[in-house]
Amino acid sequence: AIAPLQVKPGRLVPAIRGGALAGGRAAEEFSLLGLRRVAGRAGMERFIISYGDRNGKPLKGEPGFFQIALDRSAKRLVIDLAQVSRTAIDSKDLARVLSSSRFVAGSDMTMDPLDGSTNITIHTKIPIALAVMSEVSDQGRIILELREDGAMGPALGPAVGAERGVR
């Protein structure tokens, strides 16, 4: 098995067309405060996942441990948010936010009470390329940039357009 690529705070992992990524830090418990969709230049969208502490307050610093896998067909994205046992959004909120995405065909969100994790699965309409970055600022975040498989321009450039989200 190939080890996942490591996502370091503030550093972009260049776009992949399949494989796994991991990052964040381990702690006792985190919460999911929201997910926003940001439309960007043609052929690109961003999804921003905002973390909170165990009490639902914005998390300062690095987000919790996460693993992200893009399958070989580049049409199924699985986001495992370890130690996220509380969430301010549910699967209906997630579907609503992602409904206007030009890439997303469907989504699912589950929580595993045994290991205290939240899992998000996104099915895409077309094969995608994925770039990922974790952000450490006033709020711990994971930024996923989805691009058309052929649109491999500069990653995480300035976003232009509408922003939709749940906070």
Side-chain angles (χ1 to χ4, degrees), residues 1-7 12-24 30-51 63-135 141-153 155-157 159-167:
I2 298 173
L5 294 171
Q6 291 299 307
V7 178
L12 173 73
V13 171
I16 61 170
R17 291 184 173 95
L21 305 130
F30 296 101
S31 59
L32 174 61
L33 297 184
L35 183 136
R36 292 182 294 148
R37 185 189 72 81
V38 180
R41 65 185 186 285
M44 185 272 288
E45 287 181 347
R46 284 189 199 146
F47 299 146
I48 302 169
I49 299 170
S50 299
Y51 271 78
F65 180 75
F66 61 89
Q67 290 186 304
I68 301 171
L70 180 61
D71 73 359
R72 288 184 183 178
S73 70
K75 291 182 71 176
R76 181 171 167 251
L77 181 63
V78 178
I79 306 162
D80 178 19
L81 306 174
Q83 300 166 312
V84 173
S85 58
R86 297 176 185 190
T87 176
I89 66 172
D90 61 20
S91 58
K92 289 180 185 177
D93 295 327
L94 178 68
R96 184 177 48 78
V97 169
L98 300 179
S99 67
S100 61
S101 170
R102 62 184 302 256
F103 295 115
V104 177
S107 64
D108 186 39
M109 184 170 148
T110 58
M111 295 183 74
D112 185 340
L114 294 178
D115 71 0
S117 67
T118 298
N119 300 289
I120 298 171
T121 301
I122 298 173
H123 298 277
T124 62
K125 298 173 186 173
I126 59 173
I128 62 164
L130 174 70
V132 176
M133 182 172 116
S134 68
E135 187 176 65
R141 296 181 182 99
I142 305 169
I143 302 170
L144 292 82
E145 186 172 279
L146 283 66
R147 298 184 232 157
E148 289 180 27
D149 195 12
M152 296 296 290
L156 296 171
V160 179
E163 180 179 318
R164 293 187 51 150
V166 177
R167 290 190 194 218

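In this text, all values refer to a predicted model and were calculated from it rather than measured experimentally. One-based numbering along the sequence shown. Scope of the values below: all heavy atoms of this structure, side chains included, with no hydrogens, waters or symmetry mates.
- Proximity of a side-chain donor or acceptor of Asp71 to a complementary backbone N or O of Lys75 within less than 3.5 Å is detected.
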Trace of the side chain to side chain contact (heavy atoms under 4.5 Å, CB included) decision for Ile142 with Tyr51: CA-CA 8 Å; Ile142 305 169; Tyr51 271 78; 3.5 Å; yes
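- Contact annotation: the side chain of Ile143 never approaches that of Val38 to less than 4.5 Å [non-hydrogen atoms, C-beta and beyond].
- Under a 3.5 Å cut-off, the side chain of Ser134 and the backbone N or O of Gly24 do not form any donor-acceptor pair.
- Interatomic distance, Ile68 CD1 to Leu70 CG, rounded to the nearest 0.5 Å: 10.0 Å.
- Thr110 OG1 to Asp80 CG: the interatomic distance, rounded to the nearest 0.5 Å, is 9.0 Å.
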Intermediate values then yes/no, side chain to side chain contact (heavy atoms under 4.5 Å, CB included), Leu77 and Thr124: CA-CA 8 Å; Leu77 181 63; Thr124 62; 5.6 Å; no
Worked verdict on Leu144 versus Leu130 for side chain to side chain contact (heavy atoms under 4.5 Å, CB included): CA-CA 7 Å; Leu144 292 82; Leu130 174 70; 4.0 Å; yes
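- Heavy-atom minimum distance, Asp149 versus Arg17: OD1-NE, 2.5 Å.
- Distance check, rounded to the nearest 0.5 Å: CZ of Arg147 to CZ of Phe103 gives 9.5 Å.
- For Phe47 against Ser101, the heavy-atom pair with the smallest separation is CZ-OG, 4.1 Å.
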Criterion side chain to side chain contact (heavy atoms under 4.5 Å, CB included) on Thr87 and Met109, from CA distance to verdict: CA-CA 11 Å; Thr87 176; Met109 184 170 148; 3.5 Å; yes
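- Between Glu45 and Arg102, no side-chain nitrogen of the basic residue sits less than 4.0 Å from a carboxylate oxygen of the acidic one, so the salt-bridge criterion is not met.
- Taking every heavy atom of both residues into account, Ala129 and Ala15 meet most closely at CB-CB, 4.2 Å.
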